[in-house]
Amino acid sequence: MRSKRPFRSLIVCVSCAMVGCILASTAYSRRVDELEIERDIYASRFQNWQTRAIDAEENVGRLQTEVDNLTAELNAQTDLTLTYAGSFSCTAYCSEEYPHICGEGQGITSSGAKVQPGVTVAADTSIFPYGTVILIEGVGMRVVQDTGSLIKENTLDVAVGTHAEAISWSGWGSHKVWIVTGGETDAAE
């Protein structure tokens with residue numbers, strides 16, 4: 001009988017080893033699956049980061065071009081000279097093309113230029129000849145391209161897009177005005 005026990009012990013040991021190998025194999029297989037999933041996740045992240053890096057590089061190039069253009073524009077504008085012209089009463093008129101209170105609705109200024117909201121201003125041409133570039137405090141730069149029967153002496157009428165904008169324009173009232181010369185503004189004169 002003694003000889004059967006070592007055999008049983010051997011069978012139990014071998015069985016335990018086999019179960020251990022099976023469990024280890026299962027755990028190893030699970031770990032391999034986990035690592036493959038992690039590899040796929042990191043590969044996907046890498047691809048996303050690589051795409052973002054390429055996009056960022058393109059944006060940097062585009063922004064650098066924009067900075068270069070703005071720098072050139074600023075350098076051209078540093079030659080500007082402002083001459084104080086006085087305080088002017090400002091109103092607004094629209095560029096809508098139909099006859100109404102703002103004008104005849106032809107869309108053409110008295111100088112022959114097309115009315116351009118954000119560019120055109122009507123002024124007394126004995127003070128500001130056509131083509132004069134002016135800076136209106138709180139409004140911005142405008143070009144004298146128009147005049148009108150009520151636009152006399154220290155009065156300006158700023159062109160805006162619509163009649164509703166003209167009525168509700170926030171620039172109504174008195175503003176300091178400067179004549180702008182030099183740089184690219186001389187081309188307008």
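In this structure, the side-chain hydrogen bond (donor to acceptor under 3.5 Å, both in side chains) partners of S87, at least two apart in sequence or on a different chain, are S174. Shown here are the side chain to side chain contact (heavy atoms under 4.5 Å, CB included) partners of T162, two or more places apart in sequence or in another chain: E96, A164, E165. Applying the side chain to side chain contact (heavy atoms under 4.5 Å, CB included) rule to E57 yields no partners; only residues at least two apart in sequence or on another chain are considered. With sequence neighbours excluded, no residue satisfies side-chain hydrogen bond (donor to acceptor under 3.5 Å, both in side chains) with S89. Under the side-chain hydrogen bond (donor to acceptor under 3.5 Å, both in side chains) criterion, D68 pairs with Q64, sequence neighbours left out. Listed by chain and residue number, nothing satisfies the side-chain hydrogen bond (donor to acceptor under 3.5 Å, both in side chains) test with T147 (two or more places apart in sequence, or in another chain).
One distance of note links CD of E137 with SG of C90; it measures 9.5 Å at 0.5 Å rounding. Within the model, atoms CD1 of I179 and CD1 of I127 stand 9.5 Å from one another, a figure rounded to the nearest 0.5 Å. Rounded to the nearest 0.5 angstrom, I37 CD1 and Y42 OH are separated by 12.5 Å.
There is no side-chain donor-acceptor pair under 3.5 Å between Y130 and T109. A donor and an acceptor atom, one from each side chain of D146 and Y93, are located under 3.5 Å apart.
A continuous path of hydrophobic side-chain contacts links V177 to W169 [ILVMFWY only; heavy atoms under 4.5 Å].
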